[in-house]
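Each remark here refers to the structure printed beneath this line.
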Amino acid sequence: MNSINSETKLENMSLKDLASLEEKKLRSTFLRAYKSPIYRNLWKPISVNSDSVRNLADLSSLPLISRKELFEATRTKLRRAACSSVSTWFAGSSKTNNYEWVPYNAKDFLGIAPMLMRMQHITELQDRDLVLAVVDLPPRIYSSIPYLWTHTKISNDCKLEFIIGSLDWYDTLGMTWIDFIQRRQPTVLFSSARNALALANRINKELGVKAEEVLSKTRIGIFYGNPLEAVKTELLNTYSLEPYEAYSPTEHMSYWVDCNHHQGMHVWMDTCIPEIVPTKSEEAISILEAATGTTGELVISNFSECLPLFRLKTGEKIQVESLTYCDCGCTHPRISRISDRTI
Amino acid sequence: MDILNRPLEELAKLSMNRLMELKTLERASKSLLYRDKWEAAGIQPEKIETYDDFAEIPFVTSREILEIMFKGPIEEVLCSDVAHWFCTTGTTGNPKWIPYGRKDIELFMEIRDRSAKLLPAIKGLRAFAISGPPPFVEDGLANLNMIRQMLTNTQLTDGVTVCLTEVEHKEAIDFALDTKPNIIMSFPGFAARFAEIVEENAPVVTKKAFVEHKTLRNLLEYIVTRFKKIRPKDLSKFRWGLFGGEPLDPYRQVLAERFGLEPYEMYLFTEFMPPAMECCMHEGMHLWIDICIPEIIPEEELEKEALDTSYKPKAIPLWDAEECLRGEYVLTTSGQALPLVRYRFGDLIEVVSTKPCRCGVTHPRIKVPRRSDSTICLGAIRFPATKLEEILLQPTKYGAAGRWQLEITREGYRPKPIIRVEPTKEITNKELFLSEISNRLKELEILETGVENKLVAEPDIILEERLPDKGRRVTKTGRIIYEGENN
């Protein structure tokens, strides 16, 4: 596993070096994906062969794939969808309320740990910070994340304390954990924006106060799921904390996150090749080729073992914020999310 | 020699040595949970060398842990940094919060590996797990288990974990079955209910498949479900199942039949995650005595205590206990975040044997038939006897009950409560009296949830002129009779 030092090195690597790192990973990932029925069928009509993708420029020769195409395949032909043996399946959510099943193997799952450490570093969490993680339940991946984060064999540098709670069945089994939260006083809230708002409502309903009165020592909130911008005012009306936005969908758990300069989320280029389909265009271009301020749909290719993404149209509308060095010292480009998935 | 097979005496020594080496008592004595109590009892941790010295330490109860977390500063309760907090359901009162340090998690991982040696091999098998929601310990168990398997490259294939709250969620269940699991891990009650859901849904699913794709195969499958009950074993080749959270015995046969699997039982609790585990002989669960000091307060001692609350019951170390001895489980752990020292669990255990098992493992075997305290246990559904009593004794327009008795029987695999009440004086309208009590019973939310989710059978309420003094007294006016117990 990567240490904090090697993570910092990756955070500060030049874009040129990052591109070369991407290229190395791309070739081997492509060869693995090429053997998978899911991609072979998709690529067959355009005569893609094992030599078709050798460098970053070749990526554009592959077709874009929609969420529907990808996740219908993982649902209906699960055995054939994965590009390596599957350890476990997690479910992401689609707008149609069905699950989008994503296969993981050990390397994919344990590979999330360094990204958590990177997020911990970027958001300036401190030793002995007490994290309240409000999670969605299994088969969602998010309830597994805090355990991965604290596991000593994985994250030696992590000295965080976790209370994990869910708002599902909150009352039914007497799991009224807000009493204990009030007593233990978390310093960090790690939650989807939706769950954070639901928690605030619950606190208001049960205790008749704003969430900031119960979570009075919570100085940082890391919010994933829905775009933060849309709910930021509502969140800050009830919580008194510094909000950070993280982007980490089930199919690409790499925790892009904004730093304390809050000028967009850093897109971790060592974990993926991000592209954008600019508004009013049908062609995707590399994020690195897009002008600052470009808006459009995010397209991701990544290097996962089990289900590598190849030009997945995420359905997320984004804006390219900057391709230059950030004041935090991090070199990875920054984007912001404009709206949630439409599909 | 492997730790699994060392002689009992040696394991007992290891157990006491661990207590000393990890300075458990010295660390615990600084915790608010023990500090004042031990001082009052004249306990000096550094002077404790033998089991007899150790046995002078006063017991600590579940209620004390529950209260201390909401009393003084938590930092003064803790003995180290915390990695995770888990809590009990709170159905027995308020949730009880238990801290785990990183070393506590590591110990769980180590014992998890050891316990896995008692089970059939998992490599390459596909698993389906029904876990509890966080902050329940079952959530931690499922996730830490998965992480450990991944780190040691012993992972299952195509694992799917769903929370028990999603057992009725068709999408999750269909997917889990489509992976053709060979292993199931769950509360036994939830697994039994899951089997019923499969049976109920099979005709609907096959009909839908035929309407959507009119193939001969789909037609045949639909016809079959009209005449034959489809069970999980018809949909996937289950080999074995691991069940915990409530006693397996009442469900063992039904699970074996419906899933076609070999059931294994494990016993763990929020306060101490490393599980006691059944081996392939199925003659009790092996309790790993080298990592803790297990004791038992015999039933006779508990009875003396019930009659005289000032009586201090005596415990016996498990390695000295006779076969078939029943009593309350007492445990001492060397927890990093919070050691438990002579902690009374409130569970009744039965010593199956302290002799080496036929499987070769020397760690003693126990069974856990029920709670030993006043908590009413209907499988995964639990609540304090006092809550039931409040409902039963509240006067109605037609009269009032003065005494009550709860008999827990079974309707199929489901626990079925039969509640008998004895009136204080004449009841003016028996039918309306019982109907009012029955309606009030629905206000006991946890019981109602169990009934609605078909984990517990509908309770019967019976009026009896005179209740016999039968059953274990759990409140001043109430008694419980557990299935198969003639007390």
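Ranked by heavy-atom pairs under 4.5 Å with chain A, the first of B/Val160, B/Ile105, B/Asp139 is B/Asp139. Heavy-atom pairs under 4.5 Å with chain A were tallied for B/Ala127, B/Gly140, B/Ser131; the largest tally goes to B/Gly140. Among the candidates A/Trp101, A/Tyr104, A/Phe109, the residue making the largest number of heavy-atom pairs closer than 4.5 Å to chain B is A/Trp101.
Rounding to the nearest 0.5 angstrom, the gap separating the CG atom in A/Leu307 from the CZ atom in A/Phe71 is 6.5 Å. The structure places CZ of B/Phe269 at 13.0 Å from OG1 of B/Thr88, a figure rounded to the nearest 0.5 Å.
In this structure, A/Tyr224 and A/Tyr142 have parallel ring planes: the angle between them is below the 30° cut-off, well short of the 60° mark.
With respect to the salt-bridge test (charged N to carboxylate O, under 4.0 angstrom), the residues B/Lys96 and B/Glu67 do not qualify. Salt-bridge formation is detected for the pair A/Arg194/A/Asp136: a Lys NZ or Arg NE/NH1/NH2 atom is positioned less than 4.0 Å from an Asp or Glu carboxylate oxygen.
Heavy atoms closer than 4.5 Å to chain A are found nowhere in B/Pro99, neither backbone nor side chain. Interface remark: B/Thr161 contributes backbone and side-chain atoms alike to the contact with chain A (heavy atom separation under 4.5 Å). Proximity to chain B (any heavy atom under 4.5 Å) is shown, for A/Ser143, by both the backbone and the side chain. Heavy-atom distances place no part of A/Val131 under 4.5 Å from chain B, backbone and side chain included.
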| Step-by-step ring pair (Phe, Tyr, Trp, His ring centres under 6.0 Å) determination, B/Tyr100 to B/Phe108 | CA-CA 10 Å; B/Tyr100 275 73; B/Phe108 162 72; 8.4 Å; no
